[in-house]
Protein chains: 2
Amino acid sequence: MNREATDLPIAPAGEKPTLRSLAEATGFSIATVSRALADDPRIAAKTRALVAEAAALAGYVPDRAARRLRTGRTQVVTLLLNTQHEFLGFTHEFLSGMTEALQGTGYSVNVVPDDVGDDRLAPVRNILRNHLADGVVFTRTEAFDPRVRLLMENDFPFVSHGRTEFTTPHPFVDFDNEAFARQAVQRLVGKGRTRLSLILPEDRFTFTQHLRYGFVSEARAAGVDHEIVDGVTLDSPAARIAETLRASRLGDNPPDGYVCVGEVTALVTLSALADSDAVLGRDADVFAKRASPIFDNIRPRIDTVFEDLRETGRKMAEMLLRRMQGEDPATLTHMLMPDFERLHHSPDTHA
Amino acid sequence: MNREATDLPIAPAGEKPTLRSLAEATGFSIATVSRALADDPRIAAKTRALVAEAAALAGYVPDRAARRLRTGRTQVVTLLLNTQHEFLGFTHEFLSGMTEALQGTGYSVNVVPDDVGDDRLAPVRNILRNHLADGVVFTRTEAFDPRVRLLMENDFPFVSHGRTEFTTPHPFVDFDNEAFARQAVQRLVGKGRTRLSLILPEDRFTFTQHLRYGFVSEARAAGVDHEIVDGVTLDSPAARIAETLRASRLGDNPPDGYVCVGEVTALVTLSALADSDAVLGRDADVFAKRASPIFDNIRPRIDTVFEDLRETGRKMAEMLLRRMQGEDPATLTHMLMPDFERLHHSPDTHA
DNA sequence: TGACAGAATTAAAACGTTATAAATCCGGGT
DNA sequence: ACCCGGATTTATAACGTTTTAATTCTGTCA
């Protein structure tokens with residue numbers, strides 16, 4: 001019945017501290033200890049302090065399984081991972097950002113493949129049915145993404161990377177791809193380029209439309225020729241993209257300005273140019289979006305704009321936390337702007 | 001008390017099936033249902049069949065929290081993620097491989113950052129103390145890796161990516177970096193190169209020693225000059241590596257053959273060559289290890305060997321499963337060979 | 001002196017499993 | 001009929017929490 005903090009027993013080496021052991025150590029009941037740790041105002045302040053001290057001393061950490069069983073809350077957030085396609089370094093940066101934001105919150109990150117088998121919704125259904133997580137995060141969002149629909153129907157917390165065209169608002173984090181496309185066009189036009197070319201992601205992704213709109217309307221405004229490459233998408237095999245680009249360079253009036261949405265596409269474009277003996281800066285220019293630092297080390301240098309995926313992951317985790325705490329989904333949206341500060345003007349690393 | 005499989009009640013829409021609901025549906029007790037689902041031979045075969053059918057019909061899935069609380073097994077494996085450095089695409093491929101191998105096993109993958117704060121062992125201690133997982137997987141293994149030591153002391157299942165120099169054997173999956181280094185030297189020597197250069201990872205990693213040994217002994221055997229670049233490592237900022245390489249090219253007798261252990265290093269090397277007006281194939285050659293497909297799209301083309309990180313993740317997860325099932329740790333080792341089949345002989349994508 | 005309200009604490013149930021120990025069933029031998 | 005043993009089945013406790021509904025304390029006021 002020891003209630004003096006000074007002579008509490010030290011943590012026994014072998015067995016892990018539990019509410020019961022804390023109760024025995026402090027002389028209070030399990031219920032009181034539980035409430036005290038939750039800072040319940042119904043518990044006397046002195047008691048709360050005593051219990052807190054005992055818990056710290058013993059290194060008490062609540063058992064996740066027990067809490068989860070009792071409350072139904074898993075303290076887990078799931079990332080739906082597309083295991084096939086990736087922007088270079090995407091997964092790494094994104095995950096790092098997520099874990100960073102979740103650090104110290106008690107939530108842990110669970111990774112589930114989003115593209116196995118025929119039923120595209122199976123992973124989400126599985127999570128919903130068996131309450132495998134308290135929230136979900138995913139990428140490659142489509143205009144009418146079935147995952148979004150299903151999650152909204154079930155009022156389940158989630159944050160999508162990318163917007164949808166559903167009327168009901170939902171939390172998302174997105175990169176302003178329209179602004180990127182516009183800027184890319186402006187840059188190329190500024191260099192005197194008049195025949196622009198763009199390879200788009202697959203049509204079903206929402207950001208494809210944003211890219212298209214930004215590209216087309218800005219090119220029209222500038223009064224320059226522009227084409228969206230037919231027959232291939234960002235997800236096409238690199239070899240096929242290369243093939244298509246090389247073929248296009250054999251035409252009468254090949255493009256002289258390339259907007260590249262991904263790093264791989266940019267590299268393919270560069271090699272297609274090299275393969276057809278076109279010289280960068282003379283025959284054509286390339287403007288690309290980058291998410292990794294590799295372009296710093298590639299010759300010839302090209303202009304790039306940075307999409308911060310670590311920040312994206314961080315923001316998405318933050319919004320998910322707030323959504324799970326019951327904040328209004330409609331307000332939980334965030335747009336990342338093309339990083340003009342860190343715009344990459346082919347810095348000379350000799351300096 | 002209905003025991004006929006034919007007219008079992010269908011799964012009620014709202015509430016999730018549980019042992020109790022299955023017991024009510026079949027007329028057996030909870031204990032019997034539990035045992036039947038575990039295929040306990042003490043339960044009559046007919047009963048087992050009946051229960052299995054009812055479970056399937058109801059879509060029963062055991063509650064993870066309850067099972068975890070009762071058994072102490074989490075059904076979780078944790079990947080210790082280094083959030084700072086990455087081989088391009090490493091995390092993505094590795095995780096994809098892991099989830100692939102774990103598909104259908106009931107295990108899920110948890111990602112924990114391995115490099116926050118000052119205490120390098122904190123994540124592992126946290127997992128051990130609070131039994132946050134049944135097994136652990138990590139990369140960037142050191143010769144006397146403290147994580148390995150701690151995990152072994154606690155007899156906790158793990159698989160390391162890379163070997164250690166501890167005498168007690170433990171499960172690992174490793175890439176044969178010595179073989180890679182030897183082959184790289186052979187290739188470069190085969191092209192007539194006589195002054196080879198290598199940038200190593202930090203000394204503390206085990207594979208650094210393997211690379212060094214393979215490189216040095218093969219170069220000696222071939223009787224060619226060779227140097228290990230001083231003052232920088234694979235993890236140095238790309239700019240510093242570039243700086244060092246450019247400086248080295250100004251010397252009397254610059255290297256004419258570069259062995260690159262990572263993609264970024266390879267790119268940096270290429271740009272350093274370009275920056276100092278050296279021509280690949282004439283003034284120097286580069287041989288690199290690649291883990292992503294980007295080299296297919298880089299000009300000038302270089303020879304590369306493929307390290308399959310998806311396969312690595314898959315194998316590590318498989319070994320971990322077997323270790324958790326009690327297999328002898330000493331036998332759970334796997335070496336991945338440099339992929340000679342998929343050796344990249346600068347294929348001409350024009351073909 | 002009691003009664004009583006509010007403050008503080010607690011007993012006990014529940015979450016869904018698994019596992020120990022005990023109970024029931026059934027057929028065969030006496 | 002009766003008992004016995006093996007085959008089945010079951011009641012129950014436990015895992016570590018949270019929370020509902022008491023219960024006990026304390027001091028105040030009639």
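Every heavy atom of this structure was used, including side-chain atoms; hydrogens, water molecules and symmetry mates were not.
When rounded to the nearest whole Å, the span between CZ of A:R73 and C1' of D:dT17 equals 14 Å. One atom, CZ of A:R20, and another, P of C:dT10, lie 15 Å apart when rounded to the nearest Å. Rounded to whole angstrom, the span from the CZ atom of B:R68 across to the P atom of C:dT17 amounts to 16 Å. Across the protein-nucleic acid pair, A:K16 atom NZ and D:dG16 atom P stand 7 Å apart, rounded to whole Å. In this structure, the CZ atom of A:R67 is 21 Å from the P atom of C:dT17, given to the nearest Å. Residue A:L69 contributes atom CG, which lies 13 Å from atom C1' of C:dA13 at whole-angstrom precision. At whole-Å resolution of the value, CD1 in B:I30 and P in C:dA23 are 20 Å apart. Nucleotide C:dT17 holds its P atom 4 Å from the CG atom of B:L19, rounded to whole Å.
Between B:S29 and the phosphate of D:dA11, there is no side-chain N or O to OP1/OP2 separation shorter than 4.0 Å. The side chain of B:T47 places an N or O atom within less than 4.0 Å of a non-bridging phosphate oxygen (OP1 or OP2) of D:dT9.
Ring geometry for A:F172 against A:H170 counts as perpendicular: the plane angle is over 60°, on a 0 to 90° scale with 30° as the lower cut.
Within 4.0 Å of B:R42, counting heavy atoms only, lies at least one base atom of the nucleic acid. Base engagement by A:T32 is indicated by at least one non-hydrogen atom pair under 4.0 Å involving a base atom. Residue B:A31 is classed as a base contact, given a heavy-atom separation below 4.0 Å to a base. Base contact: B:S34 has a heavy atom under 4.0 Å from a base atom. If you check every strand for non-hydrogen atoms under 4.0 Å, B:R35 touches a base.
Checking side-chain atoms of B:R323 against main-chain N and O of B:F158 turns up no donor-acceptor pair under 3.5 Å.
Nucleotides of DNA chain C nearest to B:T71 and A:A44 differ in position, and the one nearer the 5' end is that of A:A44. For the pair A:I43 and A:A66, both in contact range of DNA chain C, the more 5′-proximal nearest nucleotide belongs to A:I43.
Using a 3.5 Å distance cut-off with no hydrogens or angles, the side chains of B:S21 and B:T18 do not pair a donor with an acceptor.
Contacts of A:R310 classified as salt bridge (charged side-chain N to carboxylate O under 4.0 Å, His left out), with partners at least two apart in sequence or in another chain: A:E93, A:E100. Under the salt bridge (charged side-chain N to carboxylate O under 4.0 Å, His left out) criterion, A:E165 pairs with no residue at all, not counting sequence neighbours.
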